[in-house]
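One structure is given below, encoded as structure tokens.
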Amino acid sequence: PAIGGVITELFSWHWVFLINVPIGIISCLFAAKILPKSKAAPQESFDIKGAVLIFIAVVSGIFCIERLPHIGLHPLIFCTGCLALLALGLFIFHERRTKRPLIHLRVFTIPQVVCVYLAFFLVQFCIAGMLYLLPFYMNAGLAFTPMLTGLFMFITPVFAGLVGIPCGKLSDTHGRRWFVVGAGILFLIQAAVYLAVMPEWGVLPLAVCMALWGLSIGMSGGAGGSRIVDWMPDAERSLGSTLMITCQYFGSVLGTALFAGVFTLLTGVVPFEQLGLDVFLTGFHGTMLLLLAGALLIVILSAAVKDKN
């Protein structure tokens with residue numbers, strides 16, 4: 001965030017995407033050097049049909065959610081919504097009958113798997129939603145420049161980095177359950193602040209919440225994902241990491257789309273720079289109800305499932 005803010009202020013937001021080029025090159029070289037060679041696994045057929053169906057369901061569903069506040073009940077919204085439901089239904093039908101499914105849906109008949117999966121999904125949902133909305137508050141409410149916004153956003157990854165590894169190690173030895181519950185409680189505290197925060201309060205409440213956000217990520221990242229793997233049946237243990245990664249991406253995409261959609265619904269289809277402060281704060285406070293609901297569910301779902309021995 002800090003680098004992105006600097007580049008946006010000094011050049012243009014288009015240049016932000018160039019950051020990925022050197023990072024991608026360095027990552028490829030580093031991976032080729034560090035990662036050990038693995039033996040080729042027996043060839044298995046890939047579930048292409050399932051992958052296509054879930055792709056159609058996700059893309060059309062996210063499009064429907066994101067565009068609904070902009071164009072209302074337009075025929076395009078109706079068509080994409082129906083397409084998403086149809087593709088999802090066909091995906092479930094296909095996955096239950098194919099010999100080598102993309103996802104073994106039978107694991108979702110295990111209540112503990114459903115709870116820990118939804119909890120981790122909601123963690124990603126909350127993180128992405130705040131990542132979308134908070135820079136707007138800094139710009140509209142506190143009159144931050146892009147550079148200052150980026151530097152302020154840097155508080156979160158610093159705290160996440162400080163606690164991430166220690167919390168991961170402690171969760172391995174002392175159980176993961178209460179780390180995720182604790183992260184949910186920290187999300188609740190942040191939601192309570194954001195539901196009432198006003199620009200007159202200054203930067204201190206925001207700085208504290210940014211630090212709590214980093215602690216939430218550090219506490220829940222390793223513990224939340226590992227709980228999914230822990231509760232997988234032995235025969236499906238390899239599926240756990242797949243579900244964990246898809247959970248991260250789907251949760252982030254849905255969080256961004258839903259926070260954006262609700263904010264637009266509350267403020268109207270108006271360019272951001274034309275929003276009055278009162279209108280913006282109405283949308284900001286209202287949208288943060290999503291954070292409150294998500295955080296509450298994280299606490300309930302995580303507390304409901306004990307750690308698996």
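If you're wondering where the values come from, they're calculated on a predicted model, not measured in any experiment.
Closest approach of Ser302 to Val181, counting heavy atoms only: CB-CG2, 3.6 Å. Scanning both residues, Ala128 and Ser252, for their nearest heavy atoms gives CB-O, 3.2 Å. Shown here for Gly218 and Val163, the closest heavy-atom pair between the two residues is CA-CG2, 3.7 Å. The two residues Val279 and Leu275 make their nearest non-hydrogen contact at CG1-CD2, 3.8 Å. When all heavy atoms of Met130 and Pro135 are compared, the pair lying nearest together is O-CD, 4.0 Å. Heavy-atom minimum distance, Ala191 versus Met288: CB-O, 4.5 Å.
Checked by atom type and distance alone, the side chain of His94 never pairs as donor or acceptor with a backbone atom of Leu90 at under 3.5 Å. Remark: side-chain polar atoms of Asp307 are paired, donor with acceptor, to backbone N or O of Arg176 under 3.5 angstrom. Judged by distance alone, with hydrogens and angles left aside, the side-chain atoms of Arg227 form a donor-acceptor pair with the main-chain N or O of Val305 at under 3.5 Å. Although no hydrogens or angles enter the test, the distance criterion places a donor-acceptor pair under 3.5 Å between the side chain of Thr173 and the main chain of Leu170. In this structure a side-chain-to-backbone donor-acceptor pair under 3.5 Å is present from Thr145 to Leu148. At least one donor-acceptor pair under 3.5 Å links the side chain of Ser171 to the backbone N or O of Gly168.
The number of heavy atoms from other shown groups lying within 6.0 Å of CG (Leu105) is above 12. When the shell of 6.0 Å around CZ of Phe93 is examined, it contains 12 or fewer heavy atoms from other residues, nucleotides or ligands.
Within the 4.5 Å cutoff, side-chain heavy atoms of Val197 are placed close to those of His285. At least one side-chain heavy atom of Pro199 sits less than 4.5 Å from a side-chain heavy atom of Leu281. Put simply, the side chain of Phe263 reaches to within 4.5 Å of the side chain of Phe280, judged on heavy atoms. Residues Tyr194 and Leu134 meet the side-chain proximity criterion, which asks for heavy atoms closer than 4.5 Å. Proximity of Ile26 to Ile23: side-chain heavy atoms (C-beta onward) are nowhere separated by under 4.5 Å. The side-chain heavy atoms of Thr287 and Leu133, taken from C-beta on, include a pair separated by under 4.5 Å. Side-chain contact check for Leu301 versus Val114: every heavy-atom pair is 4.5 Å or farther apart. The shortest distance between side-chain heavy atoms of Phe144 and Asn139 does not fall below 4.5 Å.
With hydrophobic clusters built from ILVMFWY side chains whose heavy atoms lie under 4.5 angstrom apart, Met219 shares a cluster with Leu131. Cluster annotation: Val208 and Phe152 are assigned to the same hydrophobic cluster (Ile/Leu/Val/Met/Phe/Trp/Tyr, side-chain heavy-atom contacts under 4.5 Å, transitive). Both Leu266 and Ile65 are part of a single hydrophobic cluster, where members link through side-chain heavy atoms under 4.5 Å apart. Put simply, Leu85 and Phe63 are part of two different groups of oily side chains (I, L, V, M, F, W, Y) that touch within less than 4.5 Å, one to the next. Both Leu195 and Met198 belong to a single network of hydrophobic side chains, linked directly or stepwise wherever heavy atoms of I, L, V, M, F, W or Y lie under 4.5 Å apart.
Ile298 contributes atom CD1, which lies 10.5 Å from atom CG of Leu118 (distance to the nearest 0.5 angstrom). The distance from atom CH2 of Trp231 to atom CD1 of Ile228, rounded to the nearest 0.5 Å, is 13.5 Å. For the atom pair Trp201 CH2 and Leu142 CG, the distance stands at 12.0 Å (nearest 0.5 Å). The distance from the CH2 atom of Trp213 to the OG1 atom of Thr156 is 5.0 Å, given to the nearest 0.5 Å. Distance CD1/Ile185 to CD1/Ile189: 7.5 Å, rounded to 0.5 Å. Here the CZ atom belonging to Phe187 is positioned 13.0 Å from the CG atom belonging to Leu297, to the nearest 0.5 angstrom.
Taking Phe120 as the reference, nothing meets the ring-ring contact (aromatic ring centres under 6.0 Å, His included) condition, with sequence neighbours excluded.
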Practice item. Quick one: do Thr267 and Thr282 satisfy side chain to side chain contact (heavy atoms under 4.5 Å, CB included)? Show the steps, please. Key: CA-CA 7 Å; Thr267 58; Thr282 297; 5.9 Å; no

Exercise for review: Quick one: do Leu296 and Leu292 satisfy side chain to side chain contact (heavy atoms under 4.5 Å, CB included)? Show the steps, please.
Suggested key: CA-CA 6 Å; Leu296 186 60; Leu292 180 67; 5.8 Å; no

Check your understanding: Would Phe154 and Thr149 satisfy side chain to side chain contact (heavy atoms under 4.5 Å, CB included), going step by step from the backbone distance to the final call?
Key -> CA-CA 9 Å; Phe154 196 63; Thr149 297; over 6 Å; no

Exercise for review: Determine, step by step, whether Leu243 and Met232 satisfy the side chain to side chain contact (heavy atoms under 4.5 Å, CB included) criterion, reporting the C-alpha distance in whole Å, the side-chain angles of both residues, the deciding distance to 0.1 Å, and the verdict.
Suggested key: CA-CA 10 Å; Leu243 287 179; Met232 284 289 116; 3.6 Å; yes

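Judged by distance alone, the side chains of Gln190 and Ser216 do bring a donor and an acceptor atom under 3.5 Å apart.
Of the residues Tyr137, Tyr132, Phe259, Phe136, the one that meets the ring pair (Phe, Tyr, Trp, His ring centres under 6.0 Å) test with Phe284 is Tyr137.
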